[in-house]
Amino acid sequence: MKTLAVWYLFHCSTVTAFLSTNPSLASRIQAPSTSEAGPLASKSEAASHRTSIRFPSSSPSSSSSSLCSVSPKTTAADAKANTKQKKKNIRGKPKANKDAGPKMRIEEPCNVVFTHTNADFDTLAAAVALSLLWSQKTFPERPTHVVLPRGVHPVVQRFLAFHKHLLPLRGFKTILPEDVHAIGVVDAQSASRIGRGKSWLESARSIHVFDHHDTNKDPSETTSSNDSSKPSQSKKKEGEATTAPAPAPTDTSNSLIDMATEVVIDMVGSTTTLLVERLRDAGIRPQPHEATLFVLGIRADTGGLVYESTTLRDAAALLWCLEQGASQTAISEFAISRIGEEQRYVLNLALQKTETTIFRGLRVSTVLVGEDDDGEHHEYIAGLAQVCEELLDLTDSDVFLLGATHQSGKGGSKDKAQWVSLIGRASPRAVGVDLNQIMRKYGGGGHPKAAAAAVRCEGPSDGETSARGTLEAATKMVESQIPEQLVASSFMAPMQVLVTVSAEDSVASARQVFEERRLKSAPVIDSITNQFKGSLKLNDLVKAIRSGRSEDKVRGILRSSVDTVLPETSIADLEELMVDKGVGRIPVVDEEGVLVGLVTRTDLLRQHKLYDAANF
């Protein structure tokens, strides 16, 4: 107490001495009077007492003065309270006025190439190829960026994990729509397939569409087999750079064909092929990683050059990419789709729930997954296209439709939209089935034997617009495309043109007929009733002659245990008989056993149109 009083008296005397030498400042001091301060009556009064000095404000317009307080002691509670107040003051600061002044915006004119949503290798490779073409030849005055609208296939995601920094990829948020001059869309003809990019179309000066899918429209309206562009006032020749703005498209329909400045559609196996050909013709050599991506794109949409839509141009484009340094090691690493844990779960579940029917000789299988017994839908699972391909093979189906339900959006399960991913695959045996045509009715697309669509589910779970109702409707459309089954009588070689041998002929005479007609086998009939008796092969005749049985009757060496079919036997049953029994020539007989025709392997090859008819 005594120490505190001494400190206080020393402090006051020091201030008094200072003020005595500065009379002008003394008039501004508000010191406590003796009556206010008085003798220090207690320790609490001494601890709470402060000496305050007010200094004149630096601003002449200010009527108040700043306060400088000297506190002999600050408690922890005071410090904590001060900290809270500072935070409160920071949070309570008024936001800056957005209209306070003009904004500075740096213009970055560019071109953009969109892939379709859920990008596969073909659309990514085609987009990178178009970006390379535009940057180096068509529009060299502006950079061209590749934008992925939404989602990629798992195998593509794996590729991007290693190569993203090498590709001209940009995100939506890094580009302003008003800076975009030309927009390219690859492997798609519907605006809905470029996701958020659809809103950029109206501000673009030109729109260019590159695709290889059949639009099922009049070719004179939209496409040409020679990659011509759509006739319009704003049409530009390929490779011609344009600086003057073209009229913005006013058509708000979902078809990119209707609003495009340039449309390039050609019936090749891959969209990448179309762009690779242009790079080759322009003398632009891609980097090894780009050439590798182009090979992956061509392989993806041609099935490694085995799909029936594959052309010689696809093979030539792939070969050119290999010549430019494409890495075969990288191709083997990323070309194979790997089924992950989620996809494997769906595969096992689908195998248990698959339903298969035989319709007009074709095995049509369907399955719906992703919905619990209580009607709840799972989250979206990527990579189900590969699952559908596995199901097609494992179930030995000719057509397989996979429906996978899922939710999208925010909020609880009741607030989220219900969707079904409809994926279809078909084997070459499914003649007449065009899955692309079916999926286009749902806003999707693809190839005749591989296509998909995302359909929003509405109404009750068993209604027409539900997931199950959508799958059933798609199945009916598949069945409507399957043609009536051919039967043996519709394509067999009739009895009138067959070379036959009578059971009563000698071995020597039959051998002469075989040599003259260059036969390896012939049906044996009764010379009077034409009833089928069996089959005679060249080997049987050779063995009999070598054994000295040239004068024996043919009935003694023929093969009587031969499978025969009726005229109304379906082509599917004929194929099964040939595959299972290894039979190459199937006699066709009527109910009385009379030979009426013959079906051979060549006849079946003609029906499947696997080769040029001129060769058979």
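Just so you know, these numbers come straight off a predicted model, no measurement behind them. Heads up: numbering here begins at 1 and tracks the sequence.
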### Query
Of all residues at least two apart in sequence or in a different chain, which pass the side-chain hydrogen bond (donor to acceptor under 3.5 Å, both in side chains) check with S550?
none
### Query
What is the minimum heavy-atom distance between T292 and A330, and which atoms define it?
CG2-CB, 3.8 Å
### Donor-acceptor under 3.5 Å (S466 side chain, G469 main chain)
yes
### Task
Could you tell me whether the side chain of V589 reaches within less than 4.5 Å of the side chain of Q531, counting heavy atoms only?
no
### Query
Would you say the side-chain atoms of E551 pair up with the backbone N or O of A508, donor to acceptor, closer than 3.5 Å?
no
### Message
Treating K353 as the side-chain partner and L368 as the backbone partner, does any N or O pair qualify as donor plus acceptor under 3.5 Å?
### Response
yes
### Message
Counting neighbours of CD on E355 that are heavy atoms of other residues, nucleotides or ligands and sit closer than 6.0 Å, is the number greater than 12?
### Response
no
### Query
If you look at every heavy atom in V399 and A430, which pair is closest and at what distance?
CG2-CB, 3.8 Å
### Task
Check A125 against G297 and note the closest heavy-atom contact, atom names and distance.
CB-CA, 4.0 Å
### Message
When you compare the side chain of L538 with that of V542, does any pair of heavy atoms fall below 4.5 Å?
### Response
yes
#### Entry: D122 side chain to I298 backbone, donor-acceptor under 3.5 Å
no
#### Entry: Residues T123 and D187: side-chain donor-acceptor under 3.5 angstrom
no
## Note on the structure
The salt bridge (Lys or Arg N to Asp or Glu O under 4.0 Å) partners of E515 (sequence neighbours excluded) come to R511
### Message
Within the structure provided, determine whether V524 and T500 are in side-chain contact (heavy-atom separation under 4.5 Å).
### Response
no
### Sidechain-backbone polar pair: Q607 side chain, L604 backbone, donor-acceptor under 3.5 Å
no
### Query
Looking at L435 and G424, what are the two nearest heavy atoms and their distance?
CD1-C, 3.3 Å
### Query
What salt bridge (charged side-chain N to carboxylate O under 4.0 Å, His left out) pairs are there with at least one residue in residues 517-544, not counting sequence neighbours?
D540-R559
### Task
Test V263 against F210 for side chain to side chain contact (heavy atoms under 4.5 Å, CB included), laying out the working first.
CA-CA 6 Å; V263 178; F210 294 82; over 6 Å; no
### Query
With no hydrogens and no angle check, is any side-chain donor or acceptor of S255 less than 3.5 Å from a backbone partner on I257?
yes
### Task
Step by step, work out the side-chain hydrogen bond (donor to acceptor under 3.5 Å, both in side chains) result for Q437 and Q481.
CA-CA 10 Å; Q437 187 180 43; Q481 291 180 338; 3.1 Å; yes
### Closest heavy-atom pair and its distance - S365, T395
OG-OG1, 4.3 Å
### Message
The criterion is salt bridge (Lys or Arg N to Asp or Glu O under 4.0 Å); which residues satisfy it with E576, sequence neighbours excluded?
### Response
none
### Task
Keeping to residues at least two apart or across chains, list the salt bridge (charged side-chain N to carboxylate O under 4.0 Å, His left out) pairs with something in residues 290-307.
none
#### Entry: Between T273 and D314, a side-chain donor and acceptor under 3.5 Å
yes
### Query
Can you tell me how far the CH2 atom of W320 sits from the CG atom of L318, to the nearest 0.5 Å?
12.0 Å
### Message
Quick one about S421 and H406 (side-chain donor to acceptor, distance below 3.5 Å, no hydrogens or angles considered), yes or no?
### Response
yes
### Query
Got I586 and T564 here, is their nearest side-chain heavy-atom distance under 4.5 Å?
no
### Message
Quick check: do Q386 and Q343 have side-chain heavy atoms less than 4.5 Å from each other?
### Response
no
### Query
Nearest 0.5 Å, what's the CE-CG distance between M477 and D434?
12.0 Å
### Message
Nearest 0.5 Å, please: how far is CG in D603 from CG in L486?
### Response
11.5 Å
### Minimum side-chain heavy-atom gap N118-V152 below 4.5 Å
no
### Message
Nearest 0.5 Å, please: how far is CD in E308 from OG1 in T302?
### Response
13.0 Å
### Query
Quick one: are L574 and F491 in side-chain contact, heavy atoms under 4.5 Å?
yes
### Query
Is any side-chain heavy atom of V507 less than 4.5 Å from a side-chain heavy atom of L541?
yes
### Task
Sort out for me which residue in R425, R429, R363 forms a salt bridge (Lys or Arg N to Asp or Glu O under 4.0 Å) with D398.
R429
### Message
Has T569 got a side-chain atom pairing as donor or acceptor with V565's backbone, closer than 3.5 angstrom?
### Response
no
### Message
One thing to verify: whether D266 and R313 come together as a salt bridge, which I'm taking to mean a side-chain N less than 4.0 angstrom from a carboxylate O.
### Response
yes
### Message
If I compare all heavy atoms of C457 with all of A467, which pair ends up nearest, and what's the gap?
### Response
SG-N, 3.6 Å
### Enclosure of I528 CD1 (heavy-atom neighbours >12, cutoff 6.0 Å)
no
### Query
Hey, what do you get for CG (L402) to CD (E389), rounding to the nearest 0.5 Å?
11.5 Å
### Query
So T470 and L422, side chain to side chain contact (heavy atoms under 4.5 Å, CB included) or not? Walk me through it.
CA-CA 8 Å; T470 301; L422 195 60; 4.2 Å; yes
### Message
Please check: side-chain N/O of H212 versus main-chain N/O of M267, any donor-acceptor pairing under 3.5 Å?
### Response
no
### Query
Any donor-acceptor pair under 3.5 Å linking the side chain of T405 with the backbone of G370?
yes
#### Entry: Aromatic ring proximity, centroids under 6.0 angstrom, F121 and F159
yes
### Message
D552 vs I557, test: side chain to side chain contact (heavy atoms under 4.5 Å, CB included). Steps then yes/no.
### Response
CA-CA 9 Å; D552 288 359; I557 64 171; 5.6 Å; no
### Task
Apply the test side chain to side chain contact (heavy atoms under 4.5 Å, CB included) to residues I331 and L322: give CA-CA distance (whole Å), side-chain angles for both, the deciding distance (0.1 Å), then the verdict.
CA-CA 10 Å; I331 294 170; L322 291 175; 4.0 Å; yes
### Message
Enumerate the salt bridge (charged side-chain N to carboxylate O under 4.0 Å, His left out) contacts for residues 482-508, please, sequence neighbours excluded, ordered by first and then second residue.
### Response
R360-E484, E504-R555
### Task
To the nearest 0.5 angstrom, please state how far the OG atom of S535 sits from the CZ atom of R585.
7.0 Å
